[in-house]
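Encoded as structure tokens, the structure appears first; notes follow it.
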Amino acid sequence: MSWSSIFDDQFDDQYDDQINNKIDGQSNSRNDESAELNQPELNQQGHQRYQRDLRDPQRGRVPESLINAAIDGELSDEMQREIAHALNYDQSRKQDLLDTAEAINALQMPISTPDFSEGVLKKTDRHRRFLPATWRKRVRASRMVLGVAAILALAGVATIQHINPRLTTLAAHPTPIQDFEQAVEQDADRIVQVIADEAQHIRASIIPFDMLDEFPGVTDHRYTIEINTDAHSNQRSHIQHQVSPYANYSLAHARFPSRVNQPAVFISTASFTPHQITGVRLHHIVQSDHADTKVIECRGVVEIDLEQLP
Amino acid sequence: MDRAQERDLIERTIAGERQAAGDLIRAYQHSVYGYILRMCGRPEMAEDIVQEAFVRVLANIHRFDFRFRFSTWLFTIARRLYINAAAKNKPVYDTDYVGSMGNSSGQFETPMMAQERHDIQQDALQQALLTLSEEQREIIILFHQLDWPISLIASHLDMPEGTIKSHLHRGRKRLRVLFKDKSKLAQRLAEVSP
């Protein structure tokens with residue numbers, strides 16, 4: 001029986017009949033003594049017991065906890081009948097219950113609901129397509145095969161890379177350090193060769209040294225040396241000339257930088273006897289920036305025998 | 001829907017049957033939408049939450065444990081989504097929606113006055129519900145609107161049954177007072193408005 005039947009007048013009348021029948025000594029199937037006691041007018045004893053059972057002895061009202069229990073569906077039909085009857089004598093509580101019932105009825109009124117199925121299935125399709133079970137198994141198997149193939153491919157690439165790294169390198173090949181060293185050596189050799197080739201030109205330009213014989217001693221004489229070459233015209237390089245005599249006499253040798261295709265001025269400041277000089281050694285030190293970071297230094301030595309000069 | 005039917009629909013959905021998934025949605029959309037709508041008071045928010053709840057449920061339907069009820073799972077997800085959404089947007093009742101609730105299905109052929117009274121009631125009810133605390137509102141909706149037993153509500157909300165009852169009784173008492181006041185006020189406003 002629903003708790004809302006408490007408000008059913010017919011139900012209450014039936015209950016009254018039951019009580020009256022029992023009071024009149026007629027047969028009654030109800031075996032609940034409290035039912036009788038809910039009719040306070042019937043007898044004084046029953047009235048007192050009713051008050052004890054269903055009403056708050058302090059206030060003389062039907063306890064709210066009992067009403068709540070009835071609404072919560074925790075009371076038997078018999079008990080609900082008793083409450084329904086007792087509420088006839090507690091109009092305030094009955095009105096509360098009627099108000100509660102109205103709110104609950106409003107809560108149970110139907111709500112218009114939009115159909116979500118299409119929208120949900122459309123969204124779900126993006127996440128997980130609805131496929132038959134057999135197809136789903138095939139899709140799962142295909143994914144596993146693809147996964148295994150990918151793992152095997154990666155393992156193969158790793159093995160090849162271990163054996164021959166160059167085969168699996170997608171980016172520009174890295175330059176091993178031994179290649180770099182080899183390149184530097186080759187470069188140095190090439191430069192030395194270039195300088196050696198230029199020696200003839202240098203030899204031709206060294207003619208002014210011949211004047212050393214004409215002005216012995218401290219002469220402060222200027223000699224201009226110009227090394228003409230096309231070999232390093234585009235390189236950042238400079239040439240150092242170091243002039244020293246072959247003889248053991250002290251000769252302050254001049255050492256100065258110059259550039260190719262530019263005249264270099266050499267001033268003799270040493271005190272020496274010209275005839276003791278049998279030759280001049282020119283050290284051409286070419287320094288060149290290589291690969292931005294590496295400076296290659298190579299030395300070419302040109303020995304000029306003054307006596308052999310033309 | 002009994003458990004056997006429910007199980008059948010779920011199994012067919014897991015097997016990839018689109019029709020079964022649609023039936024599953026249609027079987028529960030009314031209750032879950034009613035629950036969320038009453039909780040938040042805004043139909044567009046409720047629609048978003050319910051749709052997302054169904055999407056999540058269907059995306060993970062193969063993980064469903066048949067020892068439990070599908071509705072419990074669905075409502076738990078919907079509730080979490082509602083809590084997240086409510087953290088961003090405080091529930092506000094959309095009074096413009098009053099007239100559209102409960103009658104567009106055409107089940108109730110009521111005269112204009114009865115319709116107006118119904119609308120006023122719904123408006124008053126939603127306002128009263130939103131005045132209750134979250135717990136009281138949710139428990140009242142689950143118990144009285146969705147007919148969930150106390151034990152299930154306790155499990156759903158992870159609270160002792162005694163606490164559920166306490167919230168239910170206090171909430172119902174407050175709802176009664178608020179609903180009555182708001183109904184009267186709404187009735188008066190309806191009477192004075194042209």
Side-chain angles (χ1 to χ4, degrees), chain A residues 2-4 6-7 61-75 92-140 143, chain B residues 13-26 29-34 37-38 43 47 50-55 57-59 61-62 100-105 107-108 118 121-122 124-125 128-129 140-141 143-145 147 149-150 165 168-169 172-173 175-180 183:
Chain A
S2 165
W3 66 274
S4 56
I6 286 173
F7 307 112
R61 299 189 64 187
V62 178
E64 197 171 5
S65 58
L66 212 54
I67 301 290
N68 277 325
I71 298 174
D72 292 349
E74 292 175 340
L75 300 183
S92 170
R93 187 71 81 203
K94 187 171 185 176
Q95 186 56 48
D96 286 350
L97 190 55
L98 282 166
D99 293 340
T100 305
E102 197 174 355
I104 291 169
N105 286 338
L107 198 59
Q108 290 172 340
M109 279 185 180
I111 294 172
S112 173
T113 308
D115 187 7
F116 292 95
S117 56
E118 276 309 308
V120 170
L121 290 174
K122 203 176 281 180
K123 271 186 112 175
T124 311
D125 278 343
R126 285 182 219 151
H127 180 79
R128 169 185 179 272
R129 290 205 167 275
F130 279 95
L131 294 169
T134 50
W135 275 97
R136 193 168 298 288
K137 283 177 186 171
R138 285 178 199 170
V139 168
R140 200 177 296 136
R143 283 178 185 165
Chain B
T13 303
I14 292 170
E17 198 179 309
R18 195 185 170 90
Q19 178 64 40
D23 290 345
L24 201 58
I25 294 167
R26 280 184 284 276
Q29 63 184 7
H30 182 74
S31 57
V32 72
Y33 177 72
L37 180 64
R38 292 289 192 208
E47 284 174 24
V50 172
Q51 188 174 47
E52 183 59 27
F54 275 118
V55 168
V57 162
L58 290 181
I61 191 82
H62 54 285
S100 64
M101 283 178 71
N103 55 63
S104 62
S105 61
Q107 292 176 358
F108 297 95
H118 169 267
Q121 265 197 335
Q122 288 299 312
L125 173 70
L129 278 172
I140 283 175
I141 291 166
F143 187 79
H144 287 296
Q145 185 176 314
D147 289 330
I150 297 286
K165 279 187 187 176
L168 179 64
H169 298 165
R172 198 157 54 204
K173 190 175 180 179
L175 181 69
R176 182 189 76 216
V177 175
L178 289 165
F179 177 69
K180 193 175 178 181
S183 292

Next on the checklist: Can you give me the closest heavy-atom contact between A/Ala103 and B/Leu125, atom names plus distance?
Outcome noted: O-CD1, 3.8 Å
Item to check | Closest heavy-atom pair and its distance - A/Ala106, B/Gln122 | outcome: O-NE2, 3.0 Å
Checklist entry - Looking at side-chain heavy atoms only, is the closest gap between B/His144 and A/Thr100 below 4.5 Å? => result no
Checklist outcome for this item: In short, A/Ser112 meets B/Tyr33 closest at the heavy-atom pair O-CE2, 3.5 Å
Checklist entry - For B/Asp147, which residues count as a salt bridge (charged side-chain N to carboxylate O under 4.0 Å, His left out) partner, sequence neighbours excluded? => result none
Checklist entry - Measuring heavy-atom distances to chain B, does A/Glu64 have an atom under 4.5 Å in its side chain, in its backbone, in both, or in neither? => result side chain
Item to check | Closest approach of B/Arg26 to A/Ser117 (non-hydrogen atoms, all atoms of both residues) | outcome: NH1-OG, 2.7 Å
Next on the checklist: If you compare all heavy atoms of A/Asp99 against all heavy atoms of B/Arg176, which two are closest, and at what distance to 0.1 Å?
Outcome noted: CB-CG, 3.4 Å
Checklist entry - Can you find a pair of side-chain heavy atoms, one from B/Gln29 and one from A/Val120, that are under 4.5 Å apart? => result no
Next on the checklist: Quick one, A/Leu121 and B/Leu58 - any side-chain contact, counting heavy atoms below 4.5 Å?
Outcome noted: yes
Checklist entry - Which answer fits B/Ile150, side chain, backbone, both or neither, if we ask what part of it has an atom under 4.5 Å from a heavy atom of chain A? => result neither
Next on the checklist: In the structure I gave you, are the side-chain heavy atoms of B/Phe54 and A/Thr124 within less than 4.5 Å of one another anywhere?
Outcome noted: no
Item to check | Which residues share a salt bridge (charged side-chain N to carboxylate O under 4.0 Å, His left out) with B/Glu52, sequence neighbours left out | outcome: A/Lys123, B/Arg56
Checklist entry - How far does CD1 of B/Ile140 sit from CD1 of A/Ile104, to the nearest 0.5 angstrom? => result 8.0 Å
Item to check | Between CD1 on residue A/Ile67 and NZ on residue B/Lys173, distance to nearest 0.5 Å | outcome: 12.0 Å
Next on the checklist: Restricting to non-hydrogen atoms, name the atom on A/Leu107 and the atom on B/Leu129 that form the minimum distance, rounded to 0.1 Å.
Outcome noted: CD1-CD1, 3.7 Å
Checklist entry - Measuring from B/His169:NE2 to A/Ile71:CD1, what's the distance to the nearest 0.5 Å? => result 8.0 Å
Checklist entry - Got a second to check how far A/Leu98's CG is from B/Lys180's NZ, nearest 0.5 Å? => result 9.5 Å
